[in-house]
Amino acid sequence: MTAITLNIIVQGLLTGLVYGLMALGLSVIFGVMRVVNFAHGEFAVVAMYAAFILFERLHLDPLISLLPIAVAFFILGYGLQRTLINPFIGRAEHEQFILLVGLATVVINVLLIAFGPDARPVNLSYSFDSYDVGPLIIDKVRVFAALAALAVSAALFLFFRYTRTGTAIRACADNLTGAAVVGLNVKQLYAVTFGIGFVCIGAAGALMETIADASPSLGPSYTLMAFVIVIIGGLGSMAGALVGGVLIGVSEALAGFFIQPSMKSMFSFALLILVLILRPQGLMGRRL
Amino acid sequence: MSGLLSVNGVNKRFRGLAAVSDVSFEVQPGEIFAVIGPNGAGKTTLFNMIAGAMVADSGTIHFDGRPIDGLRADEIAQRGIGRTFQIVKPFPALSVEENVVIGALLHTATIDEARMVARDILQQLDLSAKRNQIAASLTLPDRKRLEVARALATKPKLLLLDEVMAGLRPTETDRIVAILKDLNRTGLTILLIEHVMRAVTALASRILVLQHGAVIAEGTPETVLRERAVIESYLGVEEL
Amino acid sequence: MTALWNEIPRHGKWLTALLLLVFIAAPLVVDRYLLSVLVLVLYFAYLGQAWNLLMGFAGQLSLGHALYLGLGAYTATTLWLLFGIGPWIGVFVAIAVAAAAGLIVGWLGWRFGVEGVYFALLTIAFAEFTRIGFDHLGLTGASGGLFLPVSPTAHDWWNLNGGVHLFYYVALILAIAATLLAAWLRQSPLGYRWLAVREDPEAAQAVGINVFRVRMIAMLISAGMTAVGGVFYGFYYRNLFPSQIFDISRSIELILGPIIGGLGTIFGPIVGAIILTPVGESLTTFMQSSGLNVPGAKSIFYGIILMIIISLRPSGVWPWLAKHLRLDRPKS
Amino acid sequence: MLIDRSKFSRRTVLAGTAAGTAVLATPSILRAQAQTLKIAVLLPRSGYLAQAGQSCHRGALVSAPVLADLGYKVEMVHIDIESNPDVARTQAERAINEGAHCIVGAFDSAGTLAIAQVCEQRQVPLIVNIAAAPQLTEQGYKFLVRNFPTGQMLVSGGLQQLKTLISATKVEPKTAVFLHANDTFGMAQRQGMDKLFPAANMPFKLVESIAYDPKAQDLSVEVTKMRSLNPDVLLVVTRAADAIKLIRDVVRQKFQPMAILSPGSPGLYDEEFFKALGPLADFCAYALPWANPKSKSSQALEAAFKKMQPDFRFPIECFNVGFTFDALLTAADAFKRAGSTNGVELMKALKSTNLVDHAMIGPPITFDEKGQNNNIPAAVVQNRGRVPTVVLPADVATMTPVLPAPPWQGRT
């Protein structure tokens, strides 16, 4: 029994890290620009399809294709911010909301027309393999995906800490007026931030493709899941997103096992409500 | 404790930094009382504690003979303290009149009644001509007067004014000074934070000087402004 | 109320009367399809008014109104199905249940300083939480759904059972009543306090407004009104599924109208509903007649239209329309 | 000038409204002497049911030439209801306005019920192709027939067939776990299981029933839970995408049940299932109504399908395609017998349907007074070489069943 419990915790932890990476993108964008990307999950699904195509056409493992996808997503995010999102910076939340809901609708249905409604899997040689660690059985893909998620997160962390651009973006997040006063090109930095948020989405989507199968209808549930994670971890906190992801992954797994699988996401929402009430800024967020 | 407002040994710390330490004073009914001091002296913090926007760490605040510390800002407003904000906070999308009507609703039952009160006050503050303008479209001096008008509409016994003269031209300052004097003559007690000494000397019957959160002088303008400590800490940089 | 009417310019009165007349007489003129579209228009206008009270007036963004919709629908239909209590009584229980849920959400959120985006996400969480809960609630058929019997020949309005005309006029009355209520509230002291709280909570508090209480009242009314919409939905469709009625897409579709129409205005929710529902239907018709009958294409156009409107008319269509029709309040 | 302008704007508004009405309103059609039956096919071809909806849509497309060859005069209009009951309802109204004499649809229960409301009021028959909620034929609709089993019928037929399967393959399972999606269809199946299993006298014991959230991202916990119970048989009710996740985690967790069976649900045989799992998809078996490989209509349908839908495989789609065809066929047959497009007369003819040759396995299609066809038997279909293959009953089977399923590891 304990071995099984432990197994469940490990599985939840691994999956949670990938969820965390996806939520990280949402967190970065909100932390800097105060824009809640309501089309988040839809773009993650776009990345899943990208990974699928690269696998079908060029036999690229998503663990490798996540690099070109991340780059492409940076450009996509950058471009989107420059054209569509920028006029909405600083506008009321509900206006941003309508814009992004409209965008999400377009994305889902373009995917539906382009790829059809079927789930699109990537069949890797190790898709069905698992490691035996003592009494535990751990999926290979989950281990790889979780490690890759950690690596991408670490790279982003280093970027924000040690590069000029990263520091400048953090300055924008801390004090926008101050940043503008000292001569930072805020518009440019915002576009870069959006691009980086999209790097997270792109990388996470490619990794998700190894665990789940791309289909247009996944979008909204990913968006919702990213929200839950980010609120629990703390909107705008990078570490919080990962912690939130792991927390959700593990608690859903445990609730699913010990209570009732169909009620497991109820626990995520309960956890979210609890966190919002007891610590509205999230577990690792700064004060509101 | 005969004053309208009495502040006793009030303290407030932010992360170990004393913003206000052991401040006590009394404001008598009918007077104009000024709190002055350099930037960061703790004036606005003191104000916020009186108005209920912040809670004091220790000490007591009495208004009209009853303790008001720990009450919410709206409860304090209901007791009869009106306030303005240092950074003006009009209701931007509403008209000037609607702004003041909302203040007047504190003591009136109907909109019509509140509108009558509002129009009187707007008249008093020379804002009648602009009553249908959207508040966001007003100039800064007008917005400052709107703040005063909205606070007055709540029929306060004590009016807290947080730097209403800052950023105004001398003629505009004189106009507000005249208005405040008029109001004071009708029995309104005023507690003001002010940097513009020209206004302070023209209005205040008594002055309290804060530095680093502590009281360094209190008394009539004549006595206070002659004190060495005050001149050194504050008036040295500020022109009379 | 009369003062409000008097404020409308002369040609505005004519237009209002004409619009009213068109809606009252519509069933005599239009066919059943258009009528069923108009039922949706009125239904969304009604829900838009309910949501607009909370967001447009009191400034609190709720993205989880499906919660109150679903609670209202399930309460009234369950009462009728299990205890034989008709919808005209059940609706009051539904209002009470939804209002109570609204109070819980509001209390938990605002008492603890949860505002803005955070509050919006909290409302989603509550709606989703309840959806999964109802998916497991055996009393109402869980995820299998709840079904009201259908007797097509019976036209018993007292059980909200009848043809499209019955529901059309019920929806019309609801929409008119909601609009009048919104207009009346807007001009009441409470309405002014809502606006104050929306514009600047701190300044509102400084003039003696209890921000928390004022918001709670908005939530109470908004949730209660939304529940009435849910009762309408339940008896109109005569079957309910948690995954449909509590779904986040329900919450989203009911807020599109007031935002597109004009947040915080009286006519915005109506204009929004009059624009959006027919746009959706026309797109479907157009797609079919143009041979562009690819599933999903309509939704793409719909999404693009949403993005265009919000980009060009961020404060909604109605304020702009009112200005061009010279219906905005005169500046004396 | 001012007055002129306001008049002008008022007029433009009215004109605009009129134009809007014109777009929405459609020419009414003379119905009286229609020589062909106009059928509106309403399916959820976008939204979350798009996959099944599009599959049924292909069925409707290929049915057209087959019906024409059989001498039926039908004309179809295809309408997407976007997996949204609101759209289903207004589109049903529109279809009838535009002259549809009957409606076929609409894959899921919520959409079908919304359409049923309209059909009932307008006295236009609704022929349900697929929708399992028992209430459809219990709620009292008079203009509805359903040639599809209810959740309970599916389970009862399914359990019966599984019993034959077990005795035919001579395996001896002792225990089973039942896993189902917590959605409308899954719940209907669950209710059927709860009611029927105790009396079904199955050779194995039901250890536990587990519901999972169809919106869940993965099923690894569910599988771990099942593995900890270690049953001989997995009874599953899933959708296609979930079925993939399920089998994947079963394989990864090295869990080797004797058989993975479905007591009457789709999910284990969609194209995506085969593409994702390859040989691992084989030997899953499901007891379902199925296209009769030996029926004439079914063969004609398959031929038409091969020609018109070369990107898709008939054996995989034959459940959706077959039921959609049978619904259309039922409508066309009723029209032929009624000789009228009048709803009441069509309905009368529908109720007295007795269709011997149809696509799905089973006796002639007939309806009881509630509009339900109670004689839709299940076949046992097993995935063999990535093709769903009928293995039971013997008279329609093209292969013999194989159980227990060979171990995951040995498959290539």
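Letters go in sequence order (proteins before strands), and every chain restarts at 1.
- Looking at Ala211(D), the atoms closer than 4.5 Å to chain A (heavy atoms on both sides) sit in the backbone and in the side chain alike.
- Proximity to chain A (any heavy atom under 4.5 Å) is restricted, for Arg45(D), to the backbone atoms N, CA, C and O.
- Under 4.0 Å is where a charged nitrogen must lie from a carboxylate oxygen, and between Asp129(A) and Lys254(D) no such pair does.
- Across Ser55(D), Ala50(D), Ala181(D), the residue that shares the most heavy-atom pairs under 4.5 angstrom with chain A is Ala50(D).
- The OH atom of Tyr19(A) sits 4.5 Å away from the CG atom of Asp218(D) when rounded to the nearest 0.5 Å.
- For a residue to count as touching a neighbouring chain, one of its non-hydrogen atoms must lie under 4.5 Å from one of that chain's; by this rule Met208(A) does not touch chain D.
- Of residues 44-61 of chain A, no residue lies under 4.5 Å from chain D by any heavy-atom pair.
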* Stepwise, does the side chain to side chain contact (heavy atoms under 4.5 Å, CB included) test hold for Gln54(D) with Asp118(A)? -> CA-CA 10 Å; Gln54(D) 292 192 7; Asp118(A) 285 14; over 6 Å; no

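- The residue from Ile8(A), Asn7(A), Ile4(A) that alone fulfils the side chain to side chain contact (heavy atoms under 4.5 Å, CB included) condition with Ser228(D) is Ile4(A).
- Ser220(D) has its side chain within reach of Arg142(A): a pair of non-hydrogen atoms, C-beta onward, lies under 4.5 Å apart.
- The side chain to side chain contact (heavy atoms under 4.5 Å, CB included) test with Phe128(A) singles out one residue from Val250(D), Asp249(D), Ile247(D), Leu280(D), and that residue is Leu280(D).
- Contact count against chain A (heavy-atom pairs under 4.5 Å) is highest for Ala276(D) among Ser83(D), Ala276(D), Gly278(D).
- Side-chain contact between Leu254(A) and Val221(D) is absent, with no heavy-atom pair separated by less than 4.5 Å.
- For the atom pair Leu224(A) CG and Lys215(D) NZ, the distance stands at 8.0 Å (nearest 0.5 Å).
- Within the 3.5 Å criterion, the main-chain N or O of Ala119(A) finds a donor-acceptor partner in the side chain of Glu272(D).
- Between atom OG of residue Ser46(D) and atom CG of residue Leu112(A) there is a gap of 6.0 Å, rounded to the nearest 0.5 Å.
- Arg252(D) places a side-chain N or O within donor-acceptor distance of the main-chain N or O of Ser127(A), the cut-off being under 3.5 Å.
- Heavy-atom proximity under 4.5 angstrom to chain D picks out Ile259(A), Gln260(A), Pro261(A), Ser262(A), Lys264(A), Ser265(A) from residues 259-270 of chain A.
- Of the listed residues (Lys275(D), Glu222(D), Glu271(D)), the one with the most heavy-atom contacts under 4.5 Å to chain A is Glu222(D).
- Checking side-chain atoms of Asp213(A) against main-chain N and O of Ala241(D) turns up no donor-acceptor pair under 3.5 Å.
- Rounding to the nearest 0.5 Å places CD1 of Ile137(A) at 8.5 Å from OG1 of Thr224(D).
- No donor-acceptor pair closer than 3.5 Å links the side chain of Ser130(A) to the backbone N or O of Gln253(D).
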